[in-house]
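Okay, so here's the structure we're looking at.
Values below: every heavy atom of this structure, side chains too, minus hydrogens, waters and symmetry copies. Keep in mind that what you see is a predicted model, and the values were worked out from it rather than measured. Each chain gets a letter, A, B and so on, in the order its sequence line appears, and its residues count up from 1.
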Amino acid sequence: AQSVTQLGSHVSVSEGALVLLRCNYSSSVPPYLFWYVQYPNQGLQLLLKYTSAATLVKGINGFEAEFKKSETSFHLTKPSAHMSDAAEYFCAVTTPQGGSEKLVFGKGTKLTVNP
Amino acid sequence: DAGVTQSPTHLIKTRGQHVTLRCSPISGHKSVSWYQQVLGQGPQFIFQYYEKEERGRGNFPDRFSARQFPNYSSELNVNALLLGDSALYLCASSLAAGLDEQFFGPGTRLTVL
């Protein structure tokens, strides 16, 4: 069974500072990994995804994540935080199972950006 | 193009009642998935449908059921509502049932009193 652990339910950074949101996964087969962002009262928007190609994945809004198999990690980073980055971020894992895609999500990390 | 749409946006029910939530996928998408997001948690997978057939089911009781129509829209039904069913219900659509990107709708906020 797959699982995702997001370390830190709340992260607070200053505007312009580095953003680092942590995600560790558990999967018995090579996983596909995703980061989603959720703004208040909205659905989920895909930031980026890892699908077994390049281990460093670049996404939208300046975010990127690095797949590290040895550490079973897929941490999300952004060099310089912007006020508009304040939202909740979810890491998710999936593997092919019988032709369906079941995303398993972490509990989320709420990012606060201080002026 | 319109994104994934869900209706209603908000719903209040009492325990024991039944509820139907609706989802229209992005045009051309043939797969619809449903997720339950309880406050403070990540979304949990409920069902996936592709070409009107169930392709995956999460760990939810039989009170939860769904179906997909010929136009690929979908309904999620929940019977005998419990207080614990209060959540944001998210619908996601994708081109196929494999590892395609899932596009999420804004969700339906269900409150059970």
Side-chain angles (χ1 to χ4, degrees), chain A residues 1-10 21-25 27 29-53 57 59-60 74 76 87-110, chain B residues 2-7 9-10 21 23-26 29-60 66 68 87-109:
Chain A
Q2 312 138 56
S3 66
V4 169
T5 301
Q6 291 185 241
L7 299 175
S9 58
H10 290 83
L21 304 182
R22 298 178 188 274
C23 171
N24 288 89
Y25 69 90
S27 178
V29 298
Y32 284 18
L33 294 157
F34 305 80
W35 275 99
Y36 283 87
V37 61
Q38 186 176 36
Y39 297 98
N41 301 313
Q42 293 189 25
L44 301 172
Q45 181 184 8
L46 181 68
L47 281 176
L48 49 81
K49 60 183 177 182
Y50 166 77
T51 56
S52 74
V57 181
I60 62 172
F74 191 57
L76 181 71
E88 189 147 26
Y89 292 79
F90 293 94
C91 181
V93 64
T94 190
T95 59
Q97 55 169 37
S100 76
E101 178 183 9
K102 167 188 170 182
L103 287 170
V104 176
F105 287 87
K107 292 186 176 182
T109 298
K110 186 173 183 179
Chain B
V4 177
T5 59
Q6 294 186 243
S7 63
T9 53
H10 294 84
L21 311 180
C23 171
S24 291
I26 292 171
H29 285 193
K30 298 182 177 181
S31 177
V32 169
S33 298
W34 288 94
Y35 293 81
Q36 180 197 63
Q37 186 179 16
V38 174
L39 197 62
Q41 301 290 320
Q44 276 199 294
F45 174 77
I46 310 175
F47 288 109
Q48 183 180 36
Y49 276 78
Y50 175 68
E51 291 282 15
K52 302 183 290 295
E53 292 188 359
E54 183 182 301
R55 285 299 189 95
R57 173 184 283 253
N59 188 24
F60 280 81
Q68 187 176 32
L88 180 68
Y89 288 85
L90 295 165
C91 173
S93 76
S94 57
L95 284 169
L99 295 171
D100 288 316
E101 178 180 342
Q102 294 191 21
F103 294 81
F104 283 82
T108 294
R109 173 73 63 186

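With hydrogens and angles disregarded, no donor-acceptor distance shorter than 3.5 Å links the side chain of B:Gln44 to the backbone of B:Phe60. Side-chain atoms of A:Gln38 do not come within 3.5 Å of backbone N or O of A:Phe90 as any donor-acceptor pair.
For B:Tyr35, the part lying near chain A is the side chain, with the backbone staying farther off; criterion is any non-hydrogen pair under 4.5 Å. Heavy-atom distances place the side chain of B:Gln37, and not its backbone, under 4.5 Å from chain A.
In terms of non-hydrogen atom pairs under 4.5 Å with chain B, the most contact-rich of A:Leu103, A:Asn41, A:Val4 is A:Leu103. Chain B forms the most heavy-atom pairs under 4.5 Å with one residue out of A:Ala92, A:Gly43, A:Gly106, and that residue is A:Gly43. The residue among B:Cys91, B:Ser33, B:Gly42 with the most heavy atom pairs within less than 4.5 Å of chain A is B:Gly42.
Counting only heavy atoms from C-beta outward, the side chains of A:Leu44 and A:Phe105 approach each other to under 4.5 Å. Proximity of A:Tyr36 to B:Gln102: side-chain heavy atoms (C-beta onward) are separated by under 4.5 Å at one or more points.
Atom CD1 of A:Ile60 sits in a crowded spot, with more than 12 heavy atoms from other residues, nucleotides or ligands closer than 6.0 Å.
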